Undergrad: 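What follows is a structure written as structure tokens; I'll ask about it next.
This is a predicted model, so every value here is computed, not measured. The sequence lines fix the lettering, A, B, ..., with proteins before strands; numbering per chain opens at 1.
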2 protein chains.
Amino acid sequence: MALAHAIMTALTDDDLSGYELARDFEASLGFFWHASHQQIYQELHKLAEKSLLNKREVHQAGKPNKIVYGLTKAGRDALAEWVFETTKNQNAKDELVIKLYNLSEDNAQHLSAEIAQRRQEMMQRLYTYEKLRADYYSDPLSLPTRSKGVYLALIRGLGQGQQFLSWCDEALELIASVETGTDSGADSTG
Amino acid sequence: MALAHAIMTALTDDDLSGYELARDFEASLGFFWHASHQQIYQELHKLAEKSLLNKREVHQAGKPNKIVYGLTKAGRDALAEWVFETTKNQNAKDELVIKLYNLSEDNAQHLSAEIAQRRQEMMQRLYTYEKLRADYYSDPLSLPTRSKGVYLALIRGLGQGQQFLSWCDEALELIASVETGTDSGADSTG
DNA sequence: GCCCACATGTAACCTGTTACATGATTTA
DNA sequence: TAAATCATGTAACAGGTTACATGTGGGC
């Protein structure tokens, strides 16, 4: 039931519509939790039915109406309790690494390309995160308590990302030593 | 369908039974892919039905019979093709970090404990990985091609893990500054 | 006899993805 | 009028978890 809690977490400070949640998830919590809009809408219905969220329709000028959700007292309580529950299963799913177990002369070039692309995507993401840290979280000890938690999430993402970048570099270098045509063809040696 | 390919990857070198796969998954691929025995048995049935795996019953002395699976030619081909498919969705699910967004004086102690426990578990895991690297992968460039891929998977796990350890340290330190009773007592102001 | 490791499975349920569906409003 | 963005939804299916079920053989 962690999606429910990720949504409630996102609603702690601001009331948001399903559309806004789906969009903002990618930008903020997105590093640690991903969800499609379909999933989010359904979860919002469930949470509202359990009275953990309240909803109100908001009329907008020049845009369709939206349904904005907010945490109820019961929702806040449920979220606070959830933090004390023990987290059980670690999600370990990394297709790219499974692919690497199958590294061969045939697929080395493809895997290089895939890693290079992922590296590029991560670079862009890290740029945003790094800016955020520099702008708002430069002095962690002086932050209010909740922001300290957000800061720790932020540097978790940054650290993971940077580690990924340097791994990519090492991977690309080693895979280059495998690629056919690179060492046998010996073109442009000088 | 990535579980299927993770299983086939595990069967590349050795034929294994469902039980052995479930057990070994944790030890080797476990860092990058987790699956329960129920899931594995069902996937094995599917793969055998599609003729990507063959099976044979093995009679054991002092143990129940087991059903050992191996890759067929079609299976090897399917696996080789899969490597060239583009990986789409990144799994980003980390409950612990979502919990951190909800850091408060009330739950600081609990979160510290949870992080400390995870740190401990990771330490043990890394010990195994580090030994593996030192024993078999000390000179990556001289490894055969496929082993280079395994090596890259290994250092991916090691890097991620070490990054996690140092993040834990920083997190524990910062959360300590939050915990009630720690700062109000004003001990060792330094 | 009881517990543990070995060994394989089914069923119900929850979670997550993909495809499909609808409709308003703005900009080109 | 066509495309883009905003906005919300349903349905079918695939993936994954939890609970339940069965049976062998060794050690205490």
Side-chain angles (χ1 to χ4, degrees), chain A residues 1-7 15-27 29-30 32-50 53 55-69 85-95 98, chain B residues 1-8 15-27 29-30 32-50 53 55-69 82 85-95 98:
Chain A
M1 284 274 287
L3 172 60
H5 299 103
I7 288 175
D15 292 2
L16 296 169
S17 69
Y19 187 87
E20 290 161 342
L21 272 167
R23 190 189 52 198
D24 295 1
F25 249 53
E26 291 315 298
L29 289 176
F32 311 107
W33 208 272
H34 171 267
S36 62
H37 79 268
Q38 293 93 331
Q39 223 186 327
I40 287 172
Y41 283 122
Q42 295 214 325
E43 198 65 47
L44 286 171
H45 291 319
K46 283 190 212 165
L47 290 170
E49 206 169 319
K50 289 189 215 163
L53 299 182
K55 59 169 152 179
R56 60 179 201 281
E57 197 164 359
V58 172
H59 298 265
Q60 302 181 107
K63 286 180 195 175
N65 296 348
K66 62 181 177 181
I67 301 163
V68 169
Y69 293 84
E85 282 172 31
T86 312
T87 311
K88 51 301 118 173
N89 65 311
Q90 278 304 82
N91 267 296
K93 312 262 151 170
D94 192 336
E95 286 194 43
I98 302 297
Chain B
M1 283 275 286
L3 172 60
H5 299 103
I7 288 175
M8 288 195 275
D15 293 2
L16 296 168
S17 70
Y19 188 87
E20 289 161 342
L21 272 166
R23 189 189 52 197
D24 296 1
F25 249 53
E26 291 315 298
L29 289 176
F32 311 106
W33 208 273
H34 171 269
S36 61
H37 79 269
Q38 292 92 332
Q39 222 185 328
I40 287 171
Y41 283 122
Q42 294 215 326
E43 198 65 46
L44 286 172
H45 292 320
K46 283 189 212 165
L47 290 170
E49 207 169 320
K50 288 189 215 162
L53 300 183
K55 58 169 152 179
R56 62 179 201 278
E57 197 164 358
V58 171
H59 298 266
Q60 301 181 107
K63 287 180 194 173
N65 296 349
K66 63 180 178 181
I67 301 162
V68 170
Y69 293 83
W82 170 73
E85 284 172 31
T86 313
T87 311
K88 54 292 126 175
N89 65 311
Q90 278 305 81
N91 267 296
K93 311 260 149 171
D94 192 337
E95 286 194 42
I98 303 298

Undergrad: Could you go through nucleotides 20-25 of chain D and list every protein N or O atom that sits under 3.5 Å from one of its N or O atoms, giving the distance for each pair?
TA:
residue : atom : partner : partner atom : Å
D:dG25  : O3'  : B:Gly62 : O            : 3.3

Undergrad: Whole Å only: how far is the CZ atom of B:Arg23 from the C1' atom of C:dA7?
TA: 11 Å
Undergrad: Identify which nucleotide among C:dA5, D:dG9, C:dG9 has an atom closest to any side-chain atom of B:Tyr19, counting heavy atoms from C-beta outward.
TA: C:dA5
Undergrad: Do A:Phe25 and A:Leu16 touch side chain to side chain, with heavy atoms closer than 4.5 Å?
TA: no
Undergrad: Of the nucleotides D:dT8, D:dT17, C:dA7, which one has an atom closest to the side chain of B:Ser36?
TA: D:dT17
Undergrad: Under the side chain to side chain donor-acceptor pair (under 3.5 Å) test, which residues partner A:Glu49, sequence neighbours left out?
TA: none
Undergrad: In whole angstrom, give the distance that lies between atom CE of B:Met1 and atom C1' of C:dT18.
TA: 16 Å
Undergrad: Rounding to an integer number of Å, can you tell me how far A:Asn65 CG sits from D:dT5 P?
TA: 21 Å
Undergrad: Report yes if the side chains of A:Arg56 and A:Asp15 come closer than 4.5 Å at any heavy-atom pair, otherwise no.
TA: yes
Undergrad: To the nearest Å, give me how far apart NE2 (B:His34) and C1' (D:dT18) are.
TA: 12 Å
Undergrad: Please report the shortest heavy-atom distance between B:Leu3 and B:Gln39, naming the atom on each side.
TA: CD2-NE2, 3.4 Å
Undergrad: Just the rounded figure in Å: distance from C1' of D:dT17 to CG of B:Leu3.
TA: 13 Å
Undergrad: Is there a side-chain contact between B:Trp33 and A:Lys93 (heavy atoms, below 4.5 Å)?
TA: yes
Undergrad: Heavy atoms only: give me the nearest B:Glu43-B:Ala4 pair and the separation to one decimal.
TA: OE2-CB, 3.5 Å
Undergrad: Taking the side chain as everything from C-beta on, heavy atoms only, tell me whether B:Lys66 gets closer than 4.5 Å to B:Val68.
TA: yes
Undergrad: For C:dA24, does either OP1 or OP2 sit under 4.0 Å from a side-chain N or O belonging to A:Lys66?
TA: no
Undergrad: Name the closest nucleotide to the A:Trp33 side chain, picking from C:dC6, C:dG16, D:dT17.
TA: C:dG16
Undergrad: Give the rounded distance in Å between these two atoms: CG of B:Leu16 and P of C:dC6.
TA: 14 Å
Undergrad: Using a heavy-atom distance cut-off of less than 4.0 Å, which residues of residues 41-49 of chain B contact DNA chain D?
TA: none
Undergrad: Quick one: B:Ile40 CD1 to C:dT8 P, roughly how many Å, whole number?
TA: 11 Å
Undergrad: Are A:Tyr41 and A:His45 an aromatic pair by the rule of ring centers under 6.0 Å?
TA: no
Undergrad: Would you please test A:Ile98 and B:Trp82 for side chain to side chain contact (heavy atoms under 4.5 Å, CB included) and show each step?
TA: CA-CA 11 Å; A:Ile98 302 297; B:Trp82 170 73; 3.8 Å; yes
Undergrad: Whole-Å distance between D:dC6 P and A:Ile67 CD1?
TA: 17 Å
Undergrad: Nearest to the side chain of B:Gln39, heavy atoms from C-beta on, is which of C:dA7, C:dG16, D:dG15?
TA: D:dG15
